[in-house]
Every structure is written in structure tokens, then in C-alpha cells.
Amino acid sequence: MPKYEFPKDFKWGTATASYQIEGAVKQDGRTESIWDRFCQMPGNILRGDTGEVANDHYNRYKEDVALMKELGHTAYRFSVSWSRVLPDGVGKVNEKGLQFYSDLVDELISAGIEPFLTLYHWDLPQVLQDKGGWQNSDCVKWFEEYSKVLFDKLGGRVKYWSTLNEPFCVAFVGNFFGEHAPGIRDLGASILVSYNLMLAHAASVRLFREMKIPGEMGITLNFTPSYPYTDSEEDKLASRYNDGFAVRWFMDAIFNGSFPQDMLDLFKERGITLPDFADIASVAEDIDFLGVNYYHPAWHRYNEHSWPFYADNIRQDIAHTDRDWAIHEETLEKLLIRLKNEYNTPKMYITENGCSYNDAVTEDGEVLDYSRINYLTRHFKAVHRAIEKGVDIRGYMVWSFYDNFEWAFGRYSRFGIVHHDFDTLKRTPKQSAYWMRDVIKNNGLD
Ligand code: BGP
């Protein structure tokens, strides 16, 4: 028996997202998404990279599923490209595009791998963005229609569904920081987007229940917990605002049907015109699970000139990954316990966790990513501690299956446990993939 044994039937695997791996952007009737458009604008993506080819997963999914099986995976989290399935955003279904996901799901099931499907992982059809995208309140209807197409086709075969991946990134990284598609920099607009996303999420959950789709429905949030840099009251305030932004904003909406009052007050004080949030209470639909994406925490120091949260992000003198993300697994343990205690969360899955390192294949054809094994060991154990303390966690999906198109960093940030050569498209399992195969086999680690 391993020293850190996980619960029976614990799901182990990896996560990916459609635009990051599929490539085939013009194949079989897929139309442009906001990410295809965003990548065309110079300066948006490191060294001008795009997801045009990425891992060519659309044409190589069988090979990929076979490799997952070989590596012992029992779960796989992926997302659907909306513009592949509904090229006009709404209306006519593209049967070929939809069939791809049906075939992928069959392939996974016959390999003994449980599919976890995310409806929306950031690649909105450009035609819908042209109508205002998530700022247009019609997006709730659009998302319901899109959800229905997938429930109809895959309901029963897919048992784990997520509405959205990281609404924080969709709303704020895409519409406030402007670092992701659609590249808007407007705090007010991003708050409206966050509200509409929550309404769309809840509408999709209700539809799932009405259609009596068997299985579980949830959502995936990303968390960047904040610590005050010092014990001063000012630093605590700066940290509290960042916590409101990066933890409580969506958790309060989903579990309490409200947005945090201190954040609403701050936004008003900062002169932001807020929506009326008339339907926010309806967001608190029961979900079956919460997907937790966690990479790193942040430390905040008060700065009266910093807009809008009065905070500067301070780098700590601890180990970081090559994306300069602090390695701090205690935060994950604390976060899971806190989510349970403060929100009475249902069961949770770690739907993303992992690290980027500039891995290369050696002359002997190996990838010796010991730093990743170290990172994952520390985080697996932290999750194990949270489970021992009574948090109901049912699975762990590492980001990512293979190196892929990492959004603004393109191919220049490698998160995979499988190495991907972007020129030859060759997949090479890294040492971490073999190490994880043993963890899965033993359902734990020492
Ligand atoms: C999450 C996304 C993933 C993945 C990961 C890595 O925010 O859900 O799609 O990309 O982060 O980080 P980054 O996208 O910043 O490279």
C-alpha cells in the first residue's frame, strides 16, 4: 500500500482544451473563433504563434487516446469547439464537427477513460463576438442552444459535464487585462461579461436538469489565493480585494447567488458603472461538483496608486516555474479546506494543476522533467492532506496531457506530461508521465 493512498475510484488523468490542441481550424466546416482572430493581431501571442496546427489532435485523437490508455489514465478532461459544432454560433448544426466529439467520446470509453467534457473553454465563435459576445445578454440563449446540441448528442455517454472553464479568465483576462481574446481593456465591460457568464452557466445547468441528462453537472473555476505581504492593515485590505476578485467573485455568485458587497462597493468607489445584476440570485443553481484549477498564489502589498485594487503583486523568494509562478502547494491544501468550510461545496475535482518548464528531448529520446515530478509530488500530497481532513475530492487532472498552444505564450510554455514537437508533431512521454503511471497504478504515492 502506498503511504499516501487516494480514495477508491479516484479519477486520474489530464486536461486539455479545444483551441489549444485540435488545430484543423478550417477543416470540416469549422469557422473562426475569437482566438483565431486574436492570434492574427501582431503582438498578442509570443513570437506570433497561433493554434492553427497545435497538436493536430483533430486528426490524431486515436493516437492520443491510445497513449493515454498506455499511460494508465482513467479520466480525460477536454472541451468542445463551439464554432466546429455551430459554425454560425447558433442555428444549423455542423454534423461533421459534432461527430468528431462523438467519436472521441467513444474512443475514450472503449479505452476505459472517463470523459469530462467542458462546454466552453474560451473559443467563442467570432460571429457571436461580432454581436457583442458575452457582453450581449442574448449570450444566455446562445449558450443554452449550444449546450442542448451537446446534451442531445452526448448525453448518457458523457457523465461529467462542466459549463465553463475559468470564467475569471474569460471575463477579466479577456475583457479587462486584454491579454486574451477578445483583447478588450475595460473593467466595466468585463464585469458585465462576468455577470452574463454566470447567467449562461445557470441556464445550462437548468437545461441539463430539465432534459434529465444522467450524470454530473459542474463548473471549473481558477483560484489565485492572495496573502497579505505583511501583517499591516493596509496589506490585508489589498489582499482582501484580490481575494474578492480571484476567489469570492464567482464562488459567491455560484453558491450564494450574489456578488461580494465589498467588491461592489470598491467598483462603485472606482467610478465603474455596474449592471443592475437583477437576476444574480438565479445563478445559485445546485451543481454536482466544483472543478478546481490551481497553479500558484500571490502576495499583495498595499499601494494607494494601484488601480483598481490598491495592490502590488510581490514576488517571494521561493522556487518558481519557468512562467515565474511560485510553487506553493500549502495554498492548494488550504484553499480546498476553505472552499468546503465557507461554501459547503459539493464534491470537487482538481480539474487543472501543473507547471511549465522548458523541457527538451535528449539524444536518447527521453525528457527528464524531474522538476515537474517534484511539483506534482508536492501538490498530490497537498490534495491528499485535504482529503484526510475531510474534503471530498474525487479526481485529479493534470494540466496538461501534452505541450500545446498555451494561449498568449503559444508554443513557448510547456505544461505537458507528454512532450510535443510542434514541427514534427511527435509525442514523447516525459519522465513525469511514467512516474504518474505508477501513481495511478498504486492509486497513491510514497
Ligand atoms: C489555465 C487554462 C488552461 C491553461 C493553463 C496554463 O488558466 O484553463 O487552458 O492554459 O491555465 O496557463 P496559461 O494559459 O497562462 O499558459
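All residue numbers in this chain count up from 1 along the given sequence. Counting starts at 1 for both ligands and their atoms, following the listed order. The figures that follow rest on heavy atoms only: side chains count, while hydrogens, waters and symmetry mates do not.
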Ring-face cation of Arg47 near Tyr412 (centre distance under 6.0 Å, axis angle within 45°): yes
Arg77 charged N/C atom sitting above Tyr160 aromatic ring, 6.0 Å / 45°: no
Any N or O of [X] that comes nearer than 3.5 Å to an N or O of ligand 1?
| X | answer |
| --- | --- |
| Ser413 | no |
| Trp122 | no |
| Glu352 | yes |
| Arg323 | yes |

What's the shortest distance from [atom] to any protein heavy atom, and which residue and atom give it?
| atom | result |
| --- | --- |
| atom 5 (C) of ligand 1 | Tyr295 OH, 3.3 Å |
| atom 10 (O) of ligand 1 | Glu406 OE1, 2.7 Å |
| atom 14 (O) of ligand 1 | Trp407 CD1, 2.8 Å |
| atom 7 (O) of ligand 1 | Glu166 OE1, 2.5 Å |

Atoms of ligand 1 close to His121 [distance to a heavy atom under 4.0 angstrom, numbered from 1]: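 Here the atoms of ligand 1 in question are 2 (C), 3 (C), 8 (O), 9 (O).
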Option among Phe405, Phe409, Trp407 that satisfies the side chain to side chain contact (heavy atoms under 4.5 Å, CB included) test with Ile45: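 Exactly one candidate clears the test, Phe405.
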No-hydrogen, no-angle side-chain donor-acceptor test under 3.5 Å, Tyr61 and Glu22: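 No, because no side-chain N or O of Tyr61 sits under 3.5 Å from a partner of the opposite role on Glu22.
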Less than 6.0 angstrom separating the ring centers of [X] and [Y], yes or no?
| X | Y | answer |
| --- | --- | --- |
| Phe6 | His384 | yes |
| Tyr294 | Phe223 | no |
| Phe259 | Trp249 | yes |

Minimum non-hydrogen distance to atom 12 (O) of ligand 1, winning option of Trp325, Phe405, Tyr412: Trp325
Within reach of ligand 1, part of Asn165 (heavy-atom separation under 4.0 Å):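 The side chain, only.
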Contact with ligand 1 for Phe415, non-hydrogen, under 4.0 angstrom: yes
Steps toward side-chain contact (heavy atoms from CB on, under 4.5 Å) verdict (Met217, Phe151): CA-CA 11 Å; Met217 179 49 131; Phe151 294 159; 3.6 Å; yes
